[in-house]
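Data first, discussion second: the structure below is written as structure tokens.
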Amino acid sequence: MRIASVYFQSDEVVELARSMVGMQLHSLINGQHCSGFITETEAYAGINDRASHAFGGRLTKRTKVMYKAGGITYVYLCYGMHYLLNIVTGSEGNPHAVLIRAILPLVGKEIIQHRLTKEKLLSIHTDGPGKVCKALGINMLHNGISIDSHEVWLEMADKPFEGTILSYPRIGVHYAGADALLPYRFSWKET
DNA sequence: ACACCGATTATCT
DNA sequence: GATAATCGGTGTA
């Protein structure tokens, strides 16, 4: 069952991030359909969050997509070589986003294996936001597209998933001062 | 097991 | 000129 873009137009970005663990992330790129079970997300809470690209209301060519109404993608290049995928959330003008950090491949495992390793054995858990984009074939061409599209979308799992969700501080945001300690990362734990 | 480092570019100072 | 929401390889243990 697909999740409609309007679902992400709430300003409760932290709760949205938690709710996205266990959803399925799908891509249909170059005719190749892949998906994965989302196991890790992070909330970036708008202009008051020092870790967010939109902190202080920063509005650049890169960040402007975050200010649109929720339910679209925000893809950007990190460390000059990795694409990172976020789902923009919140009402228009509120630049919230949820970073998708890790998935378990479901559909198109062979395609994902090829994209990630060009032959070597695929690790079970696609962990790390750069690898998520690489696995699903996502790049800057997929920035700012609606999750109501047929390129990138989210689905609810058929059945409730096993396990629990734990929260932790976010990764790689040491520059954010006290905000680096906020428990805005959500991770699925098998039981 | 863990520490270090190079790759590579948009963005900001 | 420095930094960054990272990753994979290499080195030491």
Side-chain angles (χ1 to χ4, degrees), chain A residues 8 12-21 23 25 27 34 36 38-68 70 72-90 94-105 112-145 147 152 154 165-188:
Chain A
F8 295 99
E12 299 296 322
V13 62
V14 177
E15 274 313 302
L16 283 175
R18 180 192 290 274
S19 78
M20 286 166 67
V21 174
M23 287 183 188
L25 175 64
S27 70
C34 295
I38 297 174
T39 58
E40 194 173 356
T41 63
E42 281 178 1
Y44 285 85
I47 63 172
N48 297 316
D49 179 357
R50 293 195 99 81
S52 170
H53 291 161
F55 174 67
R58 190 187 298 131
L59 180 58
T60 65
K61 196 171 176 180
R62 180 174 71 161
T63 64
K64 66 179 182 188
V65 69
M66 298 177 79
Y67 290 81
K68 297 195 183 190
I72 61 174
T73 58
Y74 168 43
V75 181
Y76 75 96
L77 183 64
C78 184
Y79 292 103
M81 51 170 40
H82 302 293
Y83 298 111
L84 272 61
L85 172 67
N86 297 250
I87 305 299
V88 173
T89 73
N94 266 340
H96 300 308
V98 177
L99 172 67
I100 298 177
R101 289 195 60 85
I103 61 172
L104 280 170
I112 289 172
Q113 173 172 350
H114 196 253
R115 281 176 177 152
L116 284 177
T117 65
K118 304 193 176 85
E119 291 316 322
K120 277 191 282 184
L121 203 64
L122 174 66
S123 66
I124 299 295
H125 198 182
T126 302
D127 54 334
K131 276 191 275 186
V132 169
C133 281
K134 197 171 177 186
L136 295 181
I138 291 168
N139 56 52
M140 289 310 292
L141 293 174
H142 310 117
N143 185 33
I145 65 178
I147 60 135
V152 179
L154 290 148
I165 300 172
L166 299 176
S167 59
Y168 305 90
R170 293 171 291 185
I171 301 289
V173 296
H174 48 84
Y175 56 86
D179 289 346
L181 302 177
L182 294 169
Y184 282 2
R185 177 161 62 103
F186 298 100
S187 186
W188 173 72

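Just the heavy atoms: all of them, side chains too, but no hydrogens, waters or symmetry mates, feed the values below. A note on names: the letters A, B, ... follow the listed sequences, proteins ahead of strands, and every chain is numbered from 1. Every value quoted in this text rests on a predicted model; they were computed, and no experiment measured them.
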- Task: Return the value, rounded to whole Å, for the distance between atom OH of A/Tyr83 and atom C1' of C/dA5.
- Result: 16 Å

- Smallest heavy-atom separation, A/Thr89 atom then A/Leu16 atom, equals CB-CD1, 3.6 Å

- Item | A/Lys131 NZ - C/dA5 P separation (whole Å) | 19 Å

- Note on the structure: Picking from B/dT11, C/dA5, C/dT6, the nucleotide nearest the side-chain atoms of A/Arg62 would be B/dT11

- Nucleotide nearest A/Tyr44 (side chain, heavy atoms from C-beta), chosen from C/dA5, B/dT11, B/dA7: C/dA5

- Note on the structure: Rounding to 0.5 Å, atoms CD1 (A/Ile38) and OG1 (A/Thr126) come to a distance of 12.5 Å

- Task: Write down the atom of A/Ile87, the atom of A/Met20, and the distance for their closest heavy-atom approach.
- Result: CG1-CE, 3.7 Å

- To the nearest 0.5 angstrom, please state how far the NE2 atom of A/His96 sits from the OG atom of A/Ser52. 9.0 Å

- Message: Going by purine N1 to pyrimidine N3 plus the second Watson-Crick contact, or the G-U wobble pair, all under 3.5 Å, which nucleotide sits opposite B/dA1?
- Response: C/dT12

- Shortest side-chain distance from A/His174, nucleotide among B/dT11, C/dA5, C/dA4: C/dA4

- For nucleotides C/dA5 and B/dT13, find the distance between their P atoms and express it as a whole number of Å. 13 Å

- Message: Could you tell me how far apart A/Ile171 (CD1) and C/dC7 (P) are, to the nearest whole angstrom?
- Response: 10 Å

- C/dA4 P sits how many Å from A/Tyr175 OH, rounded? 7 Å

- Note on the structure: Side-chain contact check for A/Tyr79: nearest option of C/dT6, C/dA5, B/dA7 is C/dT6

- A/Arg58 has a side chain; which of B/dC12, B/dA7, C/dA5 sits nearest to it? B/dC12

- Query: Where is the tightest heavy-atom contact between A/Tyr67 and A/Pro95, given as atom of each residue plus distance?
  - Reply: CE2-CG, 3.6 Å

- Item | Value in whole Å for how far the C1' atom of C/dA5 lies from CG of A/Asp179 | 13 Å

- Given the P atoms of C/dT10 and B/dT8, what is the spacing between them in whole Å? 15 Å

- Query: For B/dT11, does OP1 or OP2 lie under 4.0 Å from any side-chain N or O of A/His53?
  - Reply: no

- Message: I want to verify a distance call: between B/dT11, C/dA5, C/dT6, whose nearest atom is closest to the A/Lys61 side chain?
- Response: B/dT11

- Here the distance between atom P of C/dT6 and atom CD of A/Glu42, to the nearest Å, is 7 Å

- Message: I'd like to know if the side chain of A/Tyr44 and the backbone of A/Tyr184 have a donor-acceptor N/O pair within less than 3.5 Å.
- Response: no

- Between C/dC7 atom P and A/Leu85 atom CG, what is the distance in whole Å? 13 Å

- Distance in angstrom units between A/Asn143 CG and B/dA10 P, rounded: 13 Å

- Message: Nearest to the side chain of A/Leu84, heavy atoms from C-beta on, is which of B/dA7, C/dC7, C/dT6?
- Response: C/dT6

- Message: Could you tell me the Watson-Crick or G-U partner of C/dA5, where both distances fall under 3.5 Å? Say none if there is no partner.
- Response: none

- Message: Can you tell me which nucleotide in C/dT6, C/dA5, B/dT9 comes closest to the side chain of A/Leu77?
- Response: B/dT9

